[in-house]
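Structure first, then comments.
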Amino acid sequence: MGEQKIHQPPMTIEEQVEKLNDISYFRLIKAYSLNLKPRNGNYYTGVTFEHIVELYLLNSNFRQLIFPEIEKVEINVRCRISNFFAENYGVLGYYDSDKFINPEYHKSFLKDIEAEIYRNSKAPFVKNFRENYEGGQLPIYALVEVFSFGTLSKFYKNMKNGDKKIVAKLFCVGYTYLESWPESIAYVRNICAHYGRLYNAKLAKTPILYKEYSKAGIRNMRVSK
């Protein structure tokens, strides 16, 4: 066996602060002082700069744990929605407004995906379909790869209720729950992607919970213990 590594000693607060020398004052103090003082007031008794640094590090580590799990969910949801749609309506069935609840939203959806395709026009798989296939249209299984997760959530919400039920059954949940979960996950994903505060942050998009979760004291407004 080669030479074995030894565990590194924990960093002191001063060493951790040194690691934070590229973080702006606003990001550290303004974003991470929330709930540590009243509005426009002084910090509560006992709150120290070290507490704010620890909160920042907690959030950073928390985001790094959450983001890979969101990726797994996102890939799975994209796959199952696109597979269902392709099998039942064809790979270009998403162009047909009759397959959706709200025709007006469908019009705006088509405009949105054109913008998404344009932004990803240099991606090899996008160029392949646009240059080598009749009409240059992307099949649904390729199109979902250029969707933002928010767009995917809206796509699902505009599907017919019967179709949503079938997709939701693949996840063993009711479709009203599945409607709200990707939307909430997309919101959390954006917080992670923009290095925002996640722990104890109030969520603008909240997932619908089963009653037994609510009765058990689980809340959907914040990501916290």
Side-chain angles (χ1 to χ4, degrees), residues 10 16 27-39 41 43-48 50-84 101-102 105 144 147-225:
Q16 292 178 26
R27 172 174 291 276
L28 184 60
I29 300 299
K30 296 297 185 181
Y32 290 88
S33 292
L34 300 175
N35 301 323
L36 298 181
K37 63 178 181 178
R39 181 185 292 271
Y43 287 99
Y44 296 120
T45 302
V47 174
T48 66
E50 286 80 2
H51 290 149
I52 300 174
V53 171
E54 289 174 350
L55 181 58
Y56 178 89
L57 294 173
L58 170 67
N59 271 273
S60 178
N61 292 330
F62 190 34
R63 288 195 307 268
Q64 292 176 42
L65 290 172
I66 291 292
F67 213 9
E69 300 308 312
I70 289 177
E71 179 182 323
K72 295 175 186 177
V73 173
E74 186 173 343
I75 291 172
N76 192 275
V77 173
R78 288 178 191 273
C79 174
R80 295 195 179 195
I81 290 178
S82 63
N83 283 349
F84 169 82
I101 295 174
N102 188 330
Y105 171 74
V144 293
F147 278 1
S148 68
F149 201 34
T151 298
L152 183 69
S153 172
K154 293 176 183 177
F155 179 88
Y156 176 75
K157 289 182 75 171
N158 200 34
M159 288 168 56
K160 292 182 176 180
N161 289 346
D163 292 343
K164 285 187 286 191
K165 288 179 181 178
I166 295 173
V167 173
K169 191 174 182 179
L170 299 174
F171 295 96
C172 301
V173 298
Y175 80 88
T176 54
Y177 293 94
L178 190 58
E179 278 185 328
S180 74
W181 291 352
E183 189 174 36
S184 180
I185 291 171
Y187 182 80
V188 172
R189 183 190 189 281
N190 287 337
I191 293 177
C192 294
H194 293 91
Y195 319 109
R197 174 173 174 162
L198 180 58
Y199 179 77
N200 206 31
K202 185 177 180 179
L203 303 180
K205 301 291 185 180
T206 57
I208 299 174
L209 299 181
Y210 282 102
K211 291 181 179 179
E212 53 264 38
Y213 294 152
S214 299
K215 290 179 179 178
I218 298 174
R219 300 290 178 260
N220 62 355
M221 293 294 293
R222 297 180 186 274
V223 182
S224 62
K225 65 178 180 179

Do Lys215 and Glu212 meet the salt-bridge criterion of a basic N to acidic O distance under 4.0 Å?
no
Are [X] and [Y] packed together at the side-chain level, in the sense that at least one heavy-atom pair is separated by less than 4.5 angstrom?
| X | Y | answer |
| --- | --- | --- |
| Asn161 | Tyr175 | yes |
| Val173 | Tyr210 | yes |
| Val144 | Phe155 | no |
| Phe171 | Val77 | yes |
| Ile101 | Tyr105 | no |

Output all residues satisfying side chain to side chain donor-acceptor pair (under 3.5 Å) with Gln64, sequence neighbours left out; order by chain, then residue number.
Ser60
Who are the side chain to side chain donor-acceptor pair (under 3.5 Å) partners of Ser148, not counting sequence neighbours?
Thr151
Residue pair [X] / [Y]: nearest heavy atoms and the distance that separates them:
| X | Y | result |
| --- | --- | --- |
| Phe84 | Asp163 | CZ-OD1, 3.4 Å |
| Thr206 | Met221 | CG2-SD, 3.6 Å |
| Tyr199 | Asn59 | N-OD1, 2.8 Å |

Looking at residues at least two apart in the chain, or sitting in another chain, which of them share a side-chain contact (heavy atoms from CB on, under 4.5 Å) with Tyr195?
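Partners of Tyr195 by the side-chain contact (heavy atoms from CB on, under 4.5 Å) criterion, ordered by chain and then number, come out as Arg27, Arg63.
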Residue list, ring pair (Phe, Tyr, Trp, His ring centres under 6.0 Å) with Tyr156, at least two apart or on another chain
none
Would you mind writing out the side-chain donor-acceptor pairs for residues 183-192 within the sub-3.5 Å range, not counting sequence neighbours?
{"unit_1": "Ser184", "atom_1": "OG", "unit_2": "Lys205", "atom_2": "O", "d": "3.0"}
{"unit_1": "Arg189", "atom_1": "NE", "unit_2": "Glu74", "atom_2": "OE1", "d": "2.8"}
{"unit_1": "Asn190", "atom_1": "ND2", "unit_2": "Ala186", "atom_2": "O", "d": "3.4"}

Only pairs at least two apart or in different chains count here, so list each salt bridge (charged side-chain N to carboxylate O under 4.0 Å, His left out) that has a residue in residues 169-181.
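As it turns out, the salt bridge (charged side-chain N to carboxylate O under 4.0 Å, His left out) pairs with a partner in residues 169-181, which skip direct neighbours, are Lys164-Glu179.
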